[in-house]
Amino acid sequence: MPNAARFRLPPRLCPAAAHSLRAALVGGALLSLPALLALPLVAQTATGRSATPATTTPATASFAQRAAVDSIFARFNSTASPGCIVGVNRAGAPLLRQAYGMADLERGIALRDGMMLEIGSVSKQFVAALLVLLEQQGRLSLDDPAAQYLPGFPAFADAGGPITIRHLLQHTSGLRDQYTLLELVGRPYGEVAHDNFEVLQLINRQRGLNFPVNSRYLYSNTGYTLAAIIAQRVTRESFQPMFERMLFQPLGIERARWRTDFRDIIPDRAVPYAFEHGNWTLDWPFSNLFGAGALLTTIDGMMTWTEALHAGRVGNGSTLATMTRLGVLSDGSTTEYGLGLMVRDWRGVHEVAHSGSTAGYRAYLARYPAQDLTVAMQCNAGNGDYVVLARAVAAVFLGSALSPAPTPAVATAAPARAAVAGTEFRALVGRWQDAETGGVLEIAAADSGVTVTTLRGRRIPMRGDSRDRLVGGGWSFTLERDARGRVRALRLDAGRVLGVRFTKLD
C-alpha cells in the first residue's frame with residue numbers, strides 16, 4: 001500500500017469517513033479484492049458539510065466499495081507511475097470520483113478528477129450520434145451510399161456494394177483498417193502525422209475489401225474517419241463548432257475537445273505514457289486523424305453524455321434505440337455492435353459500452369441500464385488492461401446482480417505444425433508491391449525462413465508453417481501459385497486488413 005504522503009482521499013468523503021478510510025488503508029493491511037467484494041456493498045450518505053449548503057449531498061460509495069476500487073488501482077497509486085481516473089454514477093448521481101497516479105511525471109503533477117484525457121474509440125459513439133441527428137433532421141439517410149458524399153469513393157460492385165453510411169458505422173463495410181494500410185505505404189501511425197483526407201485518398205485507391213459488404217463484422221477505424229468527413233461535408237462546418245452546436249452545448253458538456261490538430265494547446269491535459277523496457281516513456285498521439293478517436297474530455301463529460309443519451313435527451317428521443325439496434329448481416333445473423341456502441345450480456349447483466357485506446361491513453365465507458373449504473377474510466381498509463389480494470393470497478397457496484405465469473409478455460413496448445421525449411425521460400429527474395437496502395441515490401445532470406453521489411457524499415461521475421469503460408473509478427477502471407485506451382489502473388493492478412501495482394505517486382 002502507498003504511504004500516507006502519497007495516498008489521496010476521495011473528495012466526497014465526510015471527515016469521519018475520511019479518518020476511518022485513512023486508518024484502514026494506511027495503518028493496516030489492505031484487504032484483497034475478493035475479500036472486499038464479499039463485504040456488504042451498501043451505499044452510504046456523507047454527513048459532512050456540503051460545499052453548497054443549500055444542496056443535498058448525494059449518496060456516496062460505501063467504505064467497502066471505495067476500498068475495493070482502491071485495491072483495483074493500487075499499482076498505479078504512486079508518484080512514480082501514470083494512472084487512471086474512475087467515476088461511478090447511480091441514477092444520475094455521482095457515487096465515486098477518484099484518481100490514482102500522476103498526470104505528468106516530469107513536473108510531478110498528480111492526476112485528479114476533472115483533467116482532460118483522450119478517450120480513444122469511445123469517441124465513436126459521439127460521431128455515430130451526430131450522424132443519427134443529421135438523419136433525424138432529414139439531411140441524410142444512414143442507408144445512403146457513402147459514395148454520395150465522398151467523390152472518388154469506389155463502388156465495390158463486385159463485392160456487394162455500395163457501402164452505406166450504416167455499414168461504415170457498424171463495421172460491416174469490409175473496408176480495410178486505415179492504420180495497417182498507412183504502414184504498408186511507409187507512413188505508420190506514431191511516426192508520421194496523418195489527416196482524414198489522406199485516409200480518404202488511400203481508400204479511394206482500394207479495389208478490394210476484407211470481405212463482401214455486410215457479409216461479416218470486423219472492426220475497422222476507417223469507417224469512422226470517413227463518417228467524420230461525411231458529417232463535415234453535409235453541415236459544411238468544422239468538427240469542433242459542429243459538435244458544440246449540435247451536442248456539447250445542448251447537453252451541457254462544458255469541456256470536450258476534438259484533437260483535429262495535435263499542436264493545439266489543451267489546458268489541464270494529462271500526459272500519456274507507454275511502458276517500454278522497464279521504463280515509462282512519452283506516448284503522444286501525433287496525428288490529425290479524428291472521428292475514429294481523438295475526443296478529449298473529462299470523467300464528468302463522459303458521464304453527462306451517456307446519462308443524457310440513455311435518458312432520451314439526445315436528438316428526438318429515438319437516438320438511443322437507433323444506436324443500440326444491432327447490425328444485421330446478409331445471412332440474417334446479428335452482431336454485437338450498434339452505432340458506436342457494443343451491446344451485449346456480461347455475466348448476466350445488460351451492458352452498453354465501448355473501450356478506447358489511442359497512443360498512451362486508455363478509456364472505458366459502460367452503462368448498465370437495469371441497475372441504473374454508469375462506469376467511466378480514463379487512463380494515461382498505456383500498459384493497463386483497461387477493459388478488465390473498468391469491469392472490475394463495475395463488479396464492485398453491481399454486486400449480486402452479476403452471475404459468477406466463468407472459470408477460465410484451460411488453454412490447449414494447437415497441434416504443432418511441422419516447420420518448413422527456410423530454403424523453401426528463397427524464391428520469394430526480392431521486392432513485392434501492392435498495386436492498390438503502391439506499398440512495397442522487401443523480402444530477404446533468413447535461416448528459419450525470411451524477413452519482411454516495410455517501407456519505414458520495420459523488420460518482421462517470418463517462418464513457414466506450411467508450404468504455402470508464412471507467419472510472424474501478427475502477419476501471415478498465403479502463397480498464390482500458378483498451374484506449374486510457381487508463386488505468382490502473396491496475400492497478406494494482418495489483423496484488420498485481409499487479402500492484400502502483392503506481386504513481385506522485376
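Predicted, not measured: the structure shown is a model, and the values here were computed from it.
Ion pairing of Arg491 with Glu480 is present here, as a side-chain N (NZ or NE/NH1/NH2) and a carboxylate O approach within less than 4.0 Å. Salt bridge annotation for Asp104-Arg269: absent, with no cationic side-chain nitrogen under 4.0 angstrom from a carboxylate oxygen. Comment: Arg176 engages Glu436 in a salt bridge, judged by a side-chain N to carboxylate O separation of less than 4.0 angstrom. Between Arg488 and Asp482 no salt bridge is recorded (no basic side-chain N to carboxylate O distance below 4.0 Å). Taking 4.0 Å as the cut-off between side-chain N and carboxylate O, Arg456 and Glu191 count as a salt-bridged pair. Salt bridge absent: Arg259 and Asp264 never bring a charged side-chain N and a carboxylate O closer than 4.0 Å.
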Audit row: Gln170, Leu339, side-chain contact (heavy atoms from CB on, under 4.5 Å) steps and yes/no: CA-CA 6 Å; Gln170 292 190 325; Leu339 303 177; 3.5 Å; yes

List the steps and the verdict of side-chain contact (heavy atoms from CB on, under 4.5 Å) for Leu150 and Arg233. CA-CA 9 Å; Leu150 303 172; Arg233 289 186 173 175; 4.0 Å; yes

Taking it one step at a time, do Tyr100 and Phe73 satisfy ring pair (Phe, Tyr, Trp, His ring centres under 6.0 Å)? CA-CA 7 Å; Tyr100 304 88; Phe73 294 96; 5.1 Å; yes

Evaluate Tyr179 against Tyr189 for ring pair (Phe, Tyr, Trp, His ring centres under 6.0 Å), listing each step before the verdict. CA-CA 6 Å; Tyr179 295 116; Tyr189 184 84; 5.1 Å; yes

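Under the 30°/60° scheme for interplanar angles, the aromatic rings of Phe286 and Phe262 are found to stand perpendicular. The aromatic rings of His171 and Tyr217 lie perpendicular to each other, with more than 60° between the two planes, well past the 30° mark.
Between His354 and Tyr337, the distance from one ring center to the other falls under 6.0 angstrom. In this structure, the ring of Phe290 has its center less than 6.0 angstrom from the ring center of Phe239.
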